[in-house]
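Everything on this sheet refers to the single structure shown next.
Please read these numbers as outputs of a predicted model, since none were measured by experiment.
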Amino acid sequence: MTRSRTGTGAWITAALLAGAAIVAPAAARATAGTTVAYTTFPPSPSPTASPTPCPAIQPPSEQNTPPTAPGTPQDVQVFLTQVLLRWAPASDADGIACYQVREVWNGAERVVGTFAGTVTSGSVYLPWPPGTTPSQVHQLYVVAVDTKGAVSPPSGSVSVTIYNDIVYPPSPSASPAVVTCRVTVSSSDWWSGMSTSITITNATETPVSGWRLKFIFPDPGQKLTTGWSATWSQAGSEVTAANLDWNKTIAPGKSVTIGFLGSHTGSNPSPTRYTLNGASCAS
């Protein structure tokens, strides 16, 4: 991976290349019963579960009709153990005091996060899988609590998978990792801008038909502005480049070259890990 500083001339060249840019927003969506994996986008800024007080839970009574059930969580996004949920609001004549994100864990119901009654989206944090457990699946749903303590029926549930963050060292007898892709990166930066060209090579013996390249900006000030020869998007610190129709197939041993313009706030370190369709690429 090489990096050079070339000044104003690089900015002008990069701006001309950017004329073919296509930028599309990226979204991660899940429906009830769908497993959402760790590789989705980092959640957008949203309310985070906090010790928002709820009224004391009251048993059902004729004088206190419970709220309607909230909507099944939608637009689920997962990053590490942080999970962003959105749900349709419940209704109640006495007013909604709070929403609780819950799950049944080891046979008992537990509250994962509590949000104010005016909030219908937010982030909760789930535990890491214990020890060397590769992953754990959580079934999350939402209930509403009204101002008198009546609890709604549960919403539909959504399955969220949290993967362990343990890095396993290779054993002496392990086979060497198979390289499926390679990336060659050339980047120039100036003042608060940057221009980057990425060549993706198919290192396998079979064609890649349809590809999605991902990497993470190391510095929070690094932002994607526009790009070319791919559909570019950024969510949090993660950047995604997806193929266009004319370059969706990469033959064995062949390459495609894409690029983007971006901005930074003074620090512009190079990404250290690229993945193509979920597989790590050598660089």
Side-chain angles (χ1 to χ4, degrees), residues 1-5 10-11 13-15 17-29 36-46 75-84 123 163 165 180-202 208 210-248 250 255-283:
M1 183 181 301
T2 60
R3 175 181 293 277
S4 62
R5 296 177 180 270
W11 183 87
T13 301
L17 289 173
I22 299 176
V23 180
R29 180 176 299 273
V36 184
Y38 155 66
T39 52
T40 54
F41 305 134
S44 305
S46 64
D75 293 329
V76 179
Q77 297 181 29
V78 182
F79 182 64
L80 301 179
T81 65
Q82 184 183 10
V83 182
L84 172 63
S123 296
Y163 289 92
D165 197 35
T180 60
C181 55
R182 299 181 185 276
V183 295
T184 303
V185 182
S186 176
S187 184
S188 300
D189 60 12
W190 60 94
W191 302 307
S192 61
M194 59 176 160
S195 173
T196 300
S197 174
I198 304 173
T199 298
I200 309 167
T201 301
N202 178 6
V208 174
W211 51 265
R212 187 179 295 269
L213 182 75
K214 292 187 177 185
F215 59 88
I216 293 177
F217 279 140
D219 189 272
Q222 294 173 298
K223 303 296 181 184
L224 170 73
T225 303
T226 187
W228 55 90
S229 299
T231 298
W232 290 88
S233 61
Q234 180 176 353
S237 60
E238 185 177 66
V239 178
T240 301
N243 67 267
L244 301 178
D245 286 342
W246 60 268
N247 64 359
K248 67 180 295 184
I250 309 176
S255 305
V256 297
T257 298
I258 60 178
F260 68 90
L261 293 177
S263 62
H264 60 85
T265 56
S267 177
N268 189 33
S270 301
T272 57
R273 183 174 182 268
Y274 291 81
T275 62
L276 188 71
N277 294 345
S280 295
C281 290
S283 60

If every non-hydrogen atom of Ser195 is compared with every non-hydrogen atom of Trp190, which pair is closest and at what distance?
-> N-CZ3, 3.5 Å
side-chain hydrogen bond (donor to acceptor under 3.5 Å, both in side chains) partners for Thr265, two or more places apart = none
Grab the two heavy atoms, one from Cys181 and one from Leu276, that are nearest each other, plus how far apart they are.
-> SG-CB, 3.7 Å
All side chain to side chain contact (heavy atoms under 4.5 Å, CB included) counterparts of Thr275, not counting sequence neighbours = Lys214, Arg273, Ser280
Check side-chain hydrogen bond (donor to acceptor under 3.5 Å, both in side chains) between Arg182 and all other residues, then give those that pass, not counting sequence neighbours.
-> none
Check whether any side-chain N or O of Gln222 sits under 3.5 Å from a backbone N or O of Pro269 as a donor-acceptor pair, and report yes or no.
-> yes
Would you say the side-chain atoms of Asn243 pair up with the backbone N or O of Trp211, donor to acceptor, closer than 3.5 Å?
-> yes
Scanning both residues in full, the closest heavy-atom pair of Thr240 with Arg212 reads CG2-CG, 3.4 Å
Which value, rounded to the nearest 0.5 Å, describes the distance between Ile258 atom CD1 and Leu213 atom CG?
-> 5.5 Å
Donor-acceptor contact below 3.5 Å, side chain Trp232 vs main chain Gly259 = yes
Run the side chain to side chain contact (heavy atoms under 4.5 Å, CB included) check on Phe215 and Ile198 step by step: do they pass?
-> CA-CA 11 Å; Phe215 59 88; Ile198 304 173; 4.0 Å; yes
Could you walk me through whether Thr257 and Ser229 pass side chain to side chain contact (heavy atoms under 4.5 Å, CB included), step by step?
-> CA-CA 7 Å; Thr257 298; Ser229 299; over 6 Å; no
Output for pair (Leu84 CG, Phe79 CZ), nearest 0.5 Å, gives 13.0 Å
Between the main-chain N or O of Gly210 and the side-chain N or O of Asn277, is there a donor-acceptor pair closer than 3.5 Å?
-> yes
Chi angles and distances behind the side chain to side chain contact (heavy atoms under 4.5 Å, CB included) call for Asn268, Asp219 | CA-CA 7 Å; Asn268 189 33; Asp219 189 272; over 6 Å; no
What one should report as the nearest heavy-atom pair of Ala241 and Ala230 is CB-CB, 4.0 Å
Start with the C-alpha distance between Phe217 and Gln234, add both sets of side-chain angles, then the distance that settles side chain to side chain contact (heavy atoms under 4.5 Å, CB included), and finish with yes or no.
-> CA-CA 10 Å; Phe217 279 140; Gln234 180 176 353; 3.8 Å; yes
Heavy atoms only: give me the nearest Ser187-Thr196 pair and the separation to one decimal.
-> OG-OG1, 2.9 Å
With sequence neighbours excluded, what pairs up with Ser263 under the side-chain hydrogen bond (donor to acceptor under 3.5 Å, both in side chains) test?
-> none
How close do Thr201 and Ser255 get, heavy atom to heavy atom, and via which atoms?
-> OG1-OG, 2.6 Å
Short question: side chain of His264, backbone of Trp191 - any donor-acceptor pair under 3.5 Å?
-> yes
Not counting sequence neighbours, which residues clear side-chain hydrogen bond (donor to acceptor under 3.5 Å, both in side chains) with Asn202? List them please.
-> Thr204
Quick one: side chain to side chain contact (heavy atoms under 4.5 Å, CB included) partners of Ser192, sequence neighbours excluded?
-> none
